[in-house]
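Each chain gets a letter, A, B and so on, in the order its sequence line appears, and its residues count up from 1.
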2 protein chains.
Amino acid sequence: MSRGATITPPAGETARRAYDLQGCLVHDLRSKLRGAGLRPTRQRVALGWLLFAKGDRHVTAERLYEEATLSRVPVSLATVYNTLHQFTQAGLLREIAVDGAKTYFDTNLSTHHHFLVEETNALFDIPGAQVEVGRLPEPPPGMVIDRVDVVVRLRKA
Amino acid sequence: MSRGATITPPAGETARRAYDLQGCLVHDLRSKLRGAGLRPTRQRVALGWLLFAKGDRHVTAERLYEEATLSRVPVSLATVYNTLHQFTQAGLLREIAVDGAKTYFDTNLSTHHHFLVEETNALFDIPGAQVEVGRLPEPPPGMVIDRVDVVVRLRKA
DNA sequence: TTACGTGCAAATAATTTGCAGTCCC
DNA sequence: GGGACTGCAAATTATTTGCACGTAA
């Protein structure tokens, strides 16, 4: 069982193109995993699929676990956590710095920043390069700047 | 007992000035608390003292609890958490947005940003106005920008 | 006096870990 | 076949809550 996440060849012209695309993406994913020293197991490919097939996303472990369950991909919550961290280490995901209890993972790897709605803890990308950090501080001796995170906190007008 | 945190008049000219200053700060603190609808109880004043007497600080609840214990101010961890949140609501503290499990509270209320050392999770202020956010994005309709947090992540060179 | 605070211990919430069994190469 | 991966449940860590008692106004 649990082959629900496997791609089945669909009929029709449009669907055919979608299938090729999917096959390509899945292939890419498998390659990436392999390149990062991660075996492309059923669970990892399925979770990767859920993460990367829908464009840029911000997920929590809990949320991804729900989605996997809904998609008939039986994974354990622990595996979701492990996989998210492994993907992050492999450079497929970015962990986002917002406070609040939960950890968010972002599939958008390009340099960009975030809006945070304070009441709901909803998180979304700030489109394009609409934020620019003008001056950067001198890092302390012996340290280098790894990354700059900007969080724009929003509340109702 | 537990009067360890109480201010005892010291001898000497310099010390005398320090005492006046302290008395003043404590008085300010009590007023602030009252203004915010918080009774200036022994615990709140003691914790406020630990927080505000040493200049700008970044503390976690756990750390402040330790300090209080070392200073012979017997408070429970739960009270430390409550107090930190009450102070934050009262505008005496700022909660800082970094990821990682722990929540940091900052006694520096002025607009400023932070360095985060990734391995140790150490946090410190970026001095002065060394960071400038050039362009800010348009907030979505019905929302206003509450605050912008910038975290500059550091790692060893 | 009396409502607001506090301490304690137990409850939650998010995440991690240990280990026995499973699957990919 | 063998080591990497997974699932489960139990362990950790950070924080919150319920409730009896204490204390400032």
side-chain N/O Thr60(A) vs dA14(C) OP1/OP2, d < 4.0 Å: no
Atom-to-atom span, CD of Glu62(A) to C1' of dT15(C) - whole angstrom: 10 Å
Donor-acceptor contact present, side-chain His85(A) to main-chain Thr83(A), <3.5 Å: no
Interface with DNA chain D, restricted to residues 76-86 of chain B and to heavy atoms under 4.0 Å: Leu77(B), Ala78(B), Tyr81(B), Asn82(B), His85(B)
DNA chain C contacts made by residues 63-70 of chain A, counting heavy atoms under 4.0 Å: none
Segment of DNA chain D, first to last nucleotide, that comes within the 4.0 Å heavy-atom reach of chain B: dA14(D) to dA25(D)
Spacing of Glu95(A) atom CD relative to dA14(C) atom P, expressed in whole Å: 16 Å
Tyr104(A) OH to dT15(C) C1', straight-line distance once rounded to whole Å: 15 Å
Any donor-acceptor pair under 3.5 Å from Arg30(A) side chain to Val45(A) backbone: no
Non-hydrogen atoms of Ala61(A) and Leu84(A) that approach each other most closely: CA-CD1, 3.6 Å
Under 3.5 Å: donor-acceptor pair, side chain of Thr69(A), backbone of Tyr65(A): yes
Donor-acceptor pair, side chain of Arg44(A) and main chain of Arg39(A), under 3.5 angstrom: yes
Whole angstrom value for the distance that separates P of dA14(C) from NZ of Lys102(B): 19 Å
Interatomic distance, Arg39(B) CZ vs dG5(C) P [rounded to whole Å]: 6 Å
N/O donor-acceptor pair under 3.5 Å between Arg57(B) side chain and Leu50(B) backbone: yes
Under 3.5 Å donor-acceptor, Thr120(B) side chain and Ala122(B) backbone: yes
Lys/Arg-Asp/Glu bridge criterion (N-O < 4.0 Å) met for Asp106(A), Arg94(A): no
d(CG, Leu38(A); C1', dC23(C)) in whole Å: 16 Å
Touch class at under 4.0 angstrom, heavy-atom based, for Thr103(A) against every strand present: sugar-phosphate
N/O (side chain, Gln43(A)) to phosphate O (OP1/OP2, dT22(C)) under 4.0 Å: no
Exceeds 12 heavy-atom contacts within 6.0 angstrom, atom CD of Gln89(B): no
Side-chain N or O of Arg42(B) closer than 4.0 Å to phosphate OP1/OP2 of dT6(C): no
Glu119(A) atom CD: more than 12 heavy-atom contacts under 6.0 Å: yes
Lys156(B) side chain near Val144(A) side chain, heavy-atom distance below 4.5 Å: no
Length of the line joining Leu33(A):CG and dC23(C):C1', which is rounded to integer Å: 16 Å
